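Whatever order the structure lists them in is the order used to number ligands and atoms, beginning at 1. Computed from a predicted structure; not experimentally measured.
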Amino acid sequence: MAMMAVVKAGAYGHGLEEVARIFAETGVAFLGVANVGEARRIAMAGISCRIYLLGATWSEERQEIVERDWTPCISSMEEARHFDVLAKSCGKRLRVHIAVDTGMGRGGFVPEQLPEIWKVLSQHTGLEIEGIGSHLPSADEDEEFTRAQFSQFNEIIAGLGGVAAFPWRHLANSAGLLGYDPLQCNLARPGLMLYGISPLPAFQARLRPAMTLKSRVTLIRTLPTGHGVSYGRSYVTTRPTRVATIGMGYGDGYPRHVSGHAPRVFLRGRYFPVLGRVTMDQMMIDVTDATDVMEGDEVELFGPNLPVQEVAEKADTISWHVLTGITARVVRRFTGAAT
Ligand SMILES: *Cc1c(COP(=O)(O)O)cnc(C)c1O
């Protein structure tokens with residue numbers, strides 16, 4: 001099984017160029033990006049690895065795609081015709097993959113269209129159809145549906161000339177790769193799991209989260225009983241409370257929506273509850289019972305001791321969303337410790 005390392009959305013918030021370079025050096029077959037903007041950044045950084053565009057492209061961007069030999073997926077005859085014309089005018093054959101919609105509803109040809117389309121596509125001599133792909137909408141939620149998608153994808157390939165017709169055959173995202181038999185697929189498209197987070201809880205023990213979100217205690221004060229903490233005064237102290245302020249908030253991408261769902265942070269080997277609402281740049285925790293906590297202490301908001309899944313759940317969202325939401329204000333430090 002070869003790999004397309006999915007590095008869209010700034011490599012899931014980890015840092016696009018830095019992460020893309022590591023995967024390229026590892027020798028993955030493709031880097032998967034969402035759009036031309038991300039493809040450009042990878043090319044500008046001098047990273048040489050084939051780039052696959054996971055999403056549909058705007059017509060104005062296609063000339064550049066052809067010139068740079070990025071690999072688009074084709075979801076419509078209009079796209080196919082346009083890429084064919086552009087490739088011919090550049091005197092090349094552009095390698096493309098056919099996208100099939102086996103249930104995602106976001107892109108691709110619906111399976112019923114395929115036999116007809118296949119005939120027409122093969123007449124486009126500017127295109128080299130080197131792959132076929134589809135996507136899984138619920139590999140971490142609906143095993144039966146996902147299993148049916150794998151077998152349908154298999155049948156589609158068989159109906160279009162078999163594995164020999166498609167050097168690259170890909171369907172599985174992280175959950176698809178972890179939880180299912182790949183059948184005829186020979187290329188996986190993992191994203192989340194490359195960053196050490198498993199979409200299926202059973203596999204988390206085998207992975208190590210790449211990102212630790214950290215800040216520091218910037219201030220410690222003791223507030224009297226009956227004193228409100230943060231906007232809306234949703235929390236009011238019920239005893240004299242030693243409150244530590246942390247220099248991070250939703251302006252850094254730490255989700256404000258955790259407020260009110262018992263969020264916690266990790267410092268000095270213990271967990272401390274967040275008090276009241278997360279503000280843009282700061283948040284407060286209760287350190288009354290920890291006299292050793294001091295200003296300047298490092299705080300883990302998620303990472304090895306506090307799963308990002310927990311933060312996501314409390315914010316009523318998913319790990320993908322939390323990771324990709326970490327903003328540019330947060331300095332990325334690459335330790336290179338992951339092996
Ligand atoms: C984002 C994406 C992936 C990676 O998904 P993960 O769940 O993060 O592994 C794979 N394929 C496509 C088409 C995607 O858009």
Side-chain angles (χ1 to χ4, degrees), residues 1-16 19-20 23 26 28-39 42 49-57 70-76 79 96-110 131-143 145-146 149-150 152-153 156 166 168-180 182 185-204 206-211 307-309 312 317-326:
M1 182 73 71
M3 185 137 78
M4 176 190 299
V6 177
V7 295
K8 62 191 179 187
Y12 288 48
H14 292 66
L16 179 62
V19 171
F23 285 129
T26 311
V28 298
F30 294 90
L31 294 170
V33 299
N35 57 40
V36 163
E38 292 177 330
I42 291 172
C49 181
R50 288 193 62 188
I51 292 178
Y52 183 86
L53 297 154
L54 294 157
T57 56
W70 294 332
T71 305
C73 57
I74 303 290
S75 288
S76 70
E79 290 173 286
V96 303
H97 293 208
I98 298 186
V100 187
D101 188 351
T102 57
M104 181 66 187
R106 188 171 70 173
F109 295 101
V110 295
I132 185 165
S134 188
H135 194 35
L136 307 168
S138 33
D140 54 350
E141 288 169 25
D142 189 338
E143 199 176 321
F145 183 81
T146 306
Q149 275 190 289
F150 271 96
Q152 186 188 17
F153 190 60
I156 288 167
F166 303 101
W168 294 118
R169 305 170 299 276
H170 49 98
L171 176 57
N173 52 7
S174 298
L177 184 59
L178 291 168
Y180 300 82
C185 297
N186 65 347
L187 180 66
R189 301 189 314 261
L192 192 69
M193 68 178 284
L194 296 179
Y195 307 96
I197 306 297
S198 176
L200 304 173
F203 294 91
Q204 187 55 53
R206 299 203 217 164
L207 301 174
R208 202 141 51 90
M211 188 192 289
V308 66
Q309 289 97 324
T317 188
I318 53 177
S319 310
W320 295 258
H321 188 187
V322 175
L323 292 175
T324 58
I326 303 306

Is [X] reaching over with its side chain to a backbone N or O of [Y], donor-acceptor style, under 3.5 angstrom?
{"X": "Q149", "Y": "T102", "result": "yes"}
{"X": "S138", "Y": "E141", "result": "no"}
{"X": "N186", "Y": "R169", "result": "yes"}
{"X": "S174", "Y": "M193", "result": "yes"}

(message) Less than 4.0 Å is my threshold; does some heavy atom of R106 fall inside it relative to ligand 1?
(response) yes

(request) Answer yes or no for P190: is there a heavy-atom contact with ligand 1 below 4.0 Å? (result) yes

(request) Mind listing the closest non-hydrogen atom pair of A139 and L136 along with its distance? (result) CB-CD1, 3.9 Å

Please write down residue, atom name and distance for the protein heavy atom closest to [atom].
{"atom": "atom 8 (O) of ligand 1", "value": "Y12 OH, 2.6 Å"}
{"atom": "atom 7 (O) of ligand 1", "value": "W320 NE1, 3.2 Å"}
{"atom": "atom 12 (C) of ligand 1", "value": "H135 CE1, 3.4 Å"}

(message) G191 versus ligand 1: do any nitrogen or oxygen atoms come within less than 3.5 Å of each other?
(response) yes

(request) May I ask you to check whether L192 has an N/O atom sitting below 3.5 Å from an N/O atom of ligand 1? (result) yes

(request) Find the distance between CD1 (I132) and CZ (F153) and round it off to the nearest 0.5 Å. (result) 5.0 Å

(request) Determine, considering heavy atoms only, which of M4, R189, K8 sits nearest to atom 14 (C) of ligand 1. (result) K8

(message) Measuring only between side-chain heavy atoms, which start at C-beta, is Y180 closer than 4.5 Å to E143?
(response) yes

(request) Could you list the atoms of ligand 1 found under 4.0 angstrom from a heavy atom of S174? (result) 6 (P), 9 (O)

(request) Could you tell me which atoms of ligand 1, counted from 1 in the order shown, lie closer than 4.0 angstrom to a heavy atom of L54? (result) 12 (C), 13 (C)

